[in-house]
Structure formats: C-alpha cells, structure tokens
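Structure, as structure tokens:
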Amino acid sequence: MKDHDSGKLIAIVEDDPDVARIIEQVLRDFSLRTIWYRSAGDLLRRLRTLSPDLCIIDLGLPDMDGIEAMQRVRAQSSCGILILTGRAHVSDRVMGLELGADDYVLKPFEPRELVARVRSILRRRENTAAPGTRQVAEFSGWRFNLGNNTLSAPNGEEHALSTAEAELLKVFVQNPNRILQREKLMGTRDLAPTDRAIDVRISRLRRKLEPDPQSQALIKTVYGAGYLFLATVNWPEEGNSGGV
Ligand code: CA
C-alpha cells in the first residue's frame, strides 16, 4: 500500500519484548519504520540525535515512571506521543493526556487498533502543519463536514449545526482525547470563562451526539478542568484511509 505515512519513524519504549515485537511487526506491515527501546533511559539518550515522528510509550516501565518518561520525551521532542496503559491505570491515562500525550491505547490491544491510532496521530500532525486541508471528520460512526456545518449520524440522519455548535465540535474533533479548558472551547467569542453559554452549547451538542445525554460517552465533563472528547477521529479526505 502506498501512502504518505510510508517511512515515518516510530520509536517504541516497551520492556516486554513480545509486546514490542507485535507492535513493530504491525507497524512495518504499514510501511512505517520502527525502533525499539527496552527502557525510557535508552530512548531519552537517543533523542539527542534521533527525530522520531511518534513515540509509543508504555506507562509501566522498569526504569522510570511512564508519566515522567512521557514528560521528558515531550520536553525534548515535538513528536507525536501514544501511551500504552493497562486497564487498572485509568488515572494515568487521563494524566498522560493532560500532560501532552496525543492518544492512548489500553492493553491488551488489537494490533490494527494500535495502527489506526498511530496513523490518526500522524495525520493530525500533518494537518496541523497545513491548515485548511481538513474538511470532513469521522468519529464513532459520525461524519462532520466542517465546510458546511453538517453532521451525519451513524444511521445517515443529517443535522445542521449552528455556527456556535459547529465551532465547538470543530475544536473537539481537532483535539480528541485531550482535556480542553473552557477558555479553549469558547473560541473567539467574547465569553467569560464562567459564562453559562458554553455549558448550554455543550448540552445542545450532547443532545445531538449522545443517545443518552447523561452517559457522556463522547463528551465527558472533567470536573474542575474542562471537557474531554473521547473518540478516535479520522480525516478520510486526507488521502486513502486504507481500510484500517
Ligand atoms: Ca511494561
């Protein structure tokens, strides 16, 4: 398969050689280059000369706390960061996203799911470099057209969004799995951070997106911090999505 991710370099920090082998194999199947480190220290030393496009960091490492490792990678490199974490460490996952990871994958994982997350981060990074190329976002069966503010439901039903709702959803799809402070979500409008308008707008968007608005499956309130859009977002017009 030919696509623009070809040859991108993915660094993997994982102390379990079996898991590392699975990750390397599936990424290579998608023409990505990989380099594996058994410890965070090994990667951090190499980062002085190596410029990976993305680092996959296991949060359970023998030599260093995974969150600390992630922060140190972030301090040295602007690469994408995907964290791997066990189900028991949900708070680590949230903290990881808060501290600069782009996404996370729970262990045990489906190799194809991992590749999809990696490619989504790579694509997002490219889109950030070239704004204006993103028109259609897909997430959880939904399709959001940023060009005309329409939202298609998984069942095909179309909703037209107000400009305010579309602006809000645009920030969410461009920053998935990341805690967004209220200020960030208010965009260019003159709203004070305490303004109820943002909450009203969120609840209107939730009524459109969530089968049960109380469940917060997609738009999660993080008390005292802001909101989190929990979804893998794909931008299908960006080349061939490859059927992943
Ligand atoms: Ca581990």
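Read the numbers this way: they start at 1 and go in the same order the structure lists the ligands and their atoms.
The closest approach of Asp58 to the Ca ion (ligand 1), by N/O/S atoms, is made by OD2. When you scan the N, O or S atoms of Asp15 for the one nearest the Ca ion (ligand 1), you land on OD1.
With respect to the salt-bridge test (charged N to carboxylate O, under 4.0 angstrom), the residues Asp58 and Lys107 qualify.
Residues Arg206 and Ser215 bring no donor and acceptor atom of their side chains to less than 3.5 Å of each other.
For Phe144 and Phe139, the ring centers sit 6.0 Å or farther from each other.
Annotation for Lys170: atom NZ does not count as buried by contact number, only 12 or fewer foreign heavy atoms lying within 6.0 Å.
Among the backbone and side-chain atoms of Gly60, an N, O or S atom lies under 3.0 Å from the Ca ion (ligand 1).
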